[in-house]
Each structure stands twice: as structure tokens, then as C-alpha cells.
Protein chains: 2
Amino acid sequence: MTVDSRRTDTRERALAVALELFAQQGYSVTSLREIAERLGVTKAALYFHFRTKEEILTAILRGYLDGIAALVAEAEAEPRSPERQERLLRRYAAHQEQWGSDLALLVRQNATEIHDLPIAAEIKEVMQSVITVVAPPGATAAQRLRVRTALTTFQVAALSALRDDEGDEAELREAALALALELVRGETAG
Amino acid sequence: MTVDSRRTDTRERALAVALELFAQQGYSVTSLREIAERLGVTKAALYFHFRTKEEILTAILRGYLDGIAALVAEAEAEPRSPERQERLLRRYAAHQEQWGSDLALLVRQNATEIHDLPIAAEIKEVMQSVITVVAPPGATAAQRLRVRTALTTFQVAALSALRDDEGDEAELREAALALALELVRGETAG
DNA sequence: GTCTATATATGGATAGAC
DNA sequence: GTCTATCCATATATAGAC
């Protein structure tokens with residue numbers, strides 16, 4: 001075997017474990033000890049891969065954010081039209097699905113902690129650009145509220161899917177997309 | 001003066017301070033020391049009024065929850081109709097406004113911590129009954145998603161109001177109510 | 001890359017005086 | 001009702017061996 005017995009993918013595994021724990025328990029409640037235990041290493045080992053606890057959270061957000069930024073860049077290359085609007089929403093929904101409900105939970109439940117990170121400004125900027133692409137130029141506050149609500153629909157669906165009595169995940173995802181489309185299409189009415 | 005120089009309203013003031021800090025920083029990040037400092041007392045003084053930190057959080061949620069439960073009870077006393085549905089939503093919006101954006105933030109940002117409290121079951125039950133009153137009996141998952149989204153609209157608006165570039169609070173509140181009504185009215189289409 | 005051991009800080013909570 | 005002082009658990013982070 002060319003692979004050393006010592007693990008060399010600890011960093012990636014740590015990010016996966018941290019994502020799950022940060023999402024389900026919260027960032028500040030989750031200790032490095034807990035993450036290390038799940039990985040089968042010690043706290044000190046984690047400090048070889050990350051300089052601080054915040055760096056772990058930042059690394060998780062990095063990949064997710066880059067994905068959204070790519071969606072926006074694609075959309076901005078196309079001419080403004082209802083079709084472009086719809087395509088972006090579908091890509092956004094697919095992106096959310098790909099990253100799973102854990103990341104939606106992570107962002108929602110650790111908003112304050114994330115707000116203090118250097119990456120926060122970038123997140124705000126990117127989400128702003130998502131809204132700008134979907135909402136018409138010079139949109140009113142009410143119209144922008146429709147777009148914001150449309151984007152949160154996927155989060156609401158992801159959270160509902162965690163309940164036993166709200167239907168299966170696929171069904172909810174489909175419903176969320178339909179609802180989001182309805183919201184942005186009706187935006188001239190806002 | 002019949003009022004003793006020693007404060008006798010520390011409990012209420014503590015709840016107000018805790019609400020603000022829990023909402024803006026998060027429950028687990030906020031220490032009792034910090035709450036005590038803002039009140040001008042020591043940690044030990046807080047323990048005269050509350051047995052644990054969790055009891056503070058629970059006490060905050062208590063008043064809010066009782067308010068919603070009262071709304072539901074009122075609605076359940078009326079016969080099912082589109083008017084009843086709309087009345088409940090308007091009362092719900094007014095209740096959210098009365099409690100302010102801090103409580104919306106508190107619930108949203110400390111969902112996991114709240115989930116572990118004894119009062120969590122009660123909260124889930126009450127929110128469930130809100131949905132049951134608004135959604136038609138035997139509603140599909142998609143229809144219930146519309147109702148859930150309608151209720152979160154007020155939160156989205158409250159959060160948007162905290163931004164400088166999203167219009168003033170009153171404007172957003174009005175838009176949120178209109179959007180929520182649109183969502184529940186169109187529910188047979190879901 | 002990972003370990004043991006430790007420095008250092010802070011948290012929730014309690015005891016007992018006033 | 002509030003204080004000082006303290007217990008105890010746990011946290012982040014580092015030092016240095018392997």
C-alpha cells in the first residue's frame with residue numbers, strides 16, 4: 001500500500017464532523033474535544049490542521065460560499081430575464097440540497113457567531129448579489145422581502161423534513177421550489 | 001419614599017437584559033457575569049432570582065408562549081372560515097410586533113438550546129396548533145409548508161429591518177402581513 | 001501527524017456573611 | 001437581596017516528545 005497507516009485525510013473528516021456538530025448542537029456548545037473524540041484523535045491533533053476553532057467554522061463556510069458565488073457569476077453572465085431568474089433559483093435549490101440540511105441549520109443557528117468572523121462580510125455580499133440578480137433593479141422593499149422569503153423557503157423545508165409528520169424530504173423540496181418560484185414570479189405584485 | 005433603596009425589580013430587569021443579550025449574542029455565549037454586570041449586581045444576586053441559567057431562558061419564553069397560546073384559544077373558539085384565518089394571522093403579527101425583533105432573533109438563533117428545555121415540547125405543541133388552525137384539515141405537506149413560510153415571513157421582515165438598506169420597520173411589517181395573507185389564501189393551490 | 005501534559009481562562013453554581 | 005469568596009468542571013490553546 002502506498003497509503004501510510006497514519007490518516008492523512010483528518011482535515012476533511014474534521015470538517016465533516018464539525019459541520020454536523022455545529023449544525024445540530026451549535027458552534028459555541030461544541031468543543032474541540034468532542035470533535036476530536038469522534039475522529040478518534042486528540043484535541044492537539046486538530047491544532048495541527050487548524051490554528052483556531054474559528055478557522056474550522058470559516059473553512060466550512062468557505063466551500064459553501066464559493067458554490068453560491070459561482071451560481072451568481074453564472075447568472076450575471078446571462079441577460080436579465082424571467083428564465084434567468086428561474087434558473088438561478090433552481091441552481092440555488094440544488095446547491096442547498098447538495099450541501100444538505102446541516103449547512104442550512106449551521107448558518108441559521110450560528111448567525112451571531114458567524115457575524116463576527118472575517119468571512120461574514122463576504123457572505124453578506126454574496127447573498128446580496130443573489131437578491132440583486134433575482135429582484136428587478138430598483139425593487140421596492142416589499143419586493144425584496146418576497147425574494148428573501150423565497151430563499152428561506154428551502155430552509156423552512158429542510159427544517160420541516162427533520163420532523164416525522166411533515167412528509168418526506170423529496171416532497172418538501174419540490175414544494176419549496178414551487179413556492180419559491182411563485183414568490184419571485186409574483187414579485188411585481190408586491 | 002415607600003420604595004426601598006435596594007432594587008426590588010431586579011428579576012424583571014434581568015429578564016429584559018437577558019432577552020437582549022441572548023438574542024444578539026446567543027444564549028450559550030452570554031454569561032451570567034455579563035448579565036449581572038449590566039444590571040449592576042453580581043452573579044450571586046442573580047441566583048437569588050433564578051435557580052439556573054436555563055430558568056432565565058425559560059422564563060423569557062414563558063410569557064411569549066402564553067401570548068401565542070391565547071391567540072390560538074381565541075381562534076379555536078370561532079368557527080372555521082377564511083375570516084378566522086386572517087384574524088389569527090393579524091393577531092399573530094401584532095403579537096410578534098409587541099414582543100419585538102429580539103424575541104424573534106432569540107428563538108431563531110437559539111433553537112438547539114431551546115430544544116433541550118422542558119418548555120420546548122410546549123412550544124412545539126402551540127406552534128403546531130397555530131398551523132392546524134390556519135391550514136385546512138387534512139392539508140398536504142405542501143400546504144402546511146405554505147403556512148410555515150407565512151409565519152416565518154414576520155421573522156424575515158424583522159431581520160431585514162435590522163439592515164439599513166431594506167426600508168423602515170413599519171413598511172416591512174406591512175409587507176410581511178400582506179405576503180403572509182397571500183401565502184395562506186393561496187394554500188388550496190399548493 | 002499525533003501524542004501526553006499543562007498553562008490559562010472562564011463558565012455555572014454554592015456557602016455563608018451582612 | 002446582595003455581597004465576597006470559592007469550588008469544580010470544562011474550554012481554548014500551547015510545549016515538547018515521538
Side-chain angles (χ1 to χ4, degrees), chain A residues 1-22 24-61 109-110 112-114 116-119, chain B residues 1-22 24-61 106 109-110 112-119:
Chain A
M1 300 225 294
T2 55
V3 179
D4 195 310
S5 67
R6 285 174 296 185
R7 315 214 49 131
T8 183
D9 60 342
T10 300
R11 188 190 150 93
E12 284 167 40
R13 293 196 309 132
L15 288 178
V17 168
L19 167 56
E20 188 183 336
L21 292 178
F22 288 170
Q24 291 174 5
Q25 305 181 339
Y27 170 75
S28 52
V29 178
T30 303
S31 65
L32 296 178
R33 180 191 52 73
E34 194 173 358
I35 296 174
E37 265 177 16
R38 279 235 196 164
L39 291 173
V41 299
T42 63
K43 276 192 300 174
L46 282 178
Y47 277 97
F48 175 82
H49 298 281
F50 308 95
R51 289 210 325 250
T52 64
K53 185 183 176 185
E54 288 190 348
E55 194 175 295
I56 300 180
L57 179 54
T58 301
I60 293 172
L61 295 171
Q109 308 215 14
N110 301 284
T112 47
E113 285 92 341
I114 292 173
D116 295 331
L117 299 177
I119 201 178
Chain B
M1 300 222 296
T2 55
V3 178
D4 195 309
S5 67
R6 285 173 297 186
R7 316 214 47 131
T8 182
D9 60 343
T10 300
R11 188 189 151 93
E12 283 167 40
R13 292 196 309 133
L15 289 178
V17 167
L19 167 57
E20 188 182 335
L21 292 178
F22 289 170
Q24 291 175 4
Q25 305 182 338
Y27 170 75
S28 52
V29 178
T30 303
S31 65
L32 296 178
R33 180 191 52 71
E34 195 173 356
I35 296 174
E37 264 177 16
R38 280 236 195 162
L39 291 172
V41 299
T42 63
K43 274 195 300 175
L46 282 179
Y47 278 96
F48 175 82
H49 298 282
F50 307 96
R51 288 209 327 248
T52 64
K53 185 184 177 185
E54 288 191 346
E55 195 175 293
I56 300 180
L57 179 54
T58 301
I60 293 172
L61 295 172
L106 173 71
Q109 306 213 17
N110 300 285
T112 46
E113 286 91 342
I114 292 173
H115 185 265
D116 295 332
L117 299 176
I119 201 178

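Protein chains get the first letters and strands the later ones, always in sequence-line order, with residue 1 at the start of each.
Contact annotation: Thr10(A) side-chain N/O to dG1(C) OP1/OP2 distance is not under 4.0 Å. For Ser31(B), a side-chain nitrogen or oxygen approaches OP1 or OP2 of dG11(C) to under 4.0 Å. Side-chain nitrogen and oxygen atoms of Arg33(B) include none within less than 4.0 Å of the OP1 or OP2 phosphate oxygen of dT10(C).
A pairwise comparison of heavy atoms in Val29(A) and Glu113(B) identifies CG2-OE2, 3.8 Å as the closest pair.
Lys53(A) contributes a side-chain N or O that, together with a main-chain N or O of Thr30(A), makes up a donor-acceptor pair within less than 3.5 Å.
The nearest whole Å value for the distance from the CG atom in Leu39(B) to the P atom in dC3(D) is 10 Å. Put simply, CZ on Phe48(B) is 16 Å from C1' on dA15(C), counting in whole angstrom units. His49(B) has its NE2 atom 10 Å from the P atom of dC3(D), to the nearest Å. When rounded to the nearest whole Å, the span between CD of Glu37(A) and P of dT2(C) equals 16 Å. One atom, CD of Gln25(B), and another, C1' of dG11(C), lie 15 Å apart when rounded to the nearest Å. Taking atom CD of residue Glu55(A) and atom C1' of nucleotide dT12(D), one finds them 14 Å apart after rounding to whole Å.
In this structure, the side chains of Glu55(A) and Thr52(A) come closer than 4.5 Å at one or more pairs of heavy atoms. Using a 4.5 Å cut-off on side-chain heavy atoms (C-beta onward), Leu15(A) and Phe50(A) make contact.
At the heavy-atom level, Thr42(A) lies under 4.0 Å from base atoms of the strands shown. Ser28(A) comes within 4.0 angstrom of no nucleic acid atom, judged by non-hydrogen atoms across all strands.
Enclosure of atom CD in Glu12(B) is not indicated, since only 12 or fewer non-hydrogen atoms of other residues, nucleotides or ligands lie within 6.0 angstrom.
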- [ ] Tell me, with the steps shown, if Tyr27(A) and Glu54(A) meet side chain to side chain contact (heavy atoms under 4.5 Å, CB included).
- [x] CA-CA 9 Å; Tyr27(A) 170 75; Glu54(A) 288 190 348; 3.3 Å; yes
TODO: Could you run through nucleotides 13-18 of chain D and give me one letter per nucleotide, 5' to 3': B if any protein heavy atom sits under 4.0 Å from the base, S if only the sugar-phosphate is that close, - if neither?
DONE: BBB---
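The pair Arg38(A)-Glu34(A) does not meet the salt-bridge criterion, since no charged nitrogen lies less than 4.0 angstrom from a carboxylate oxygen.
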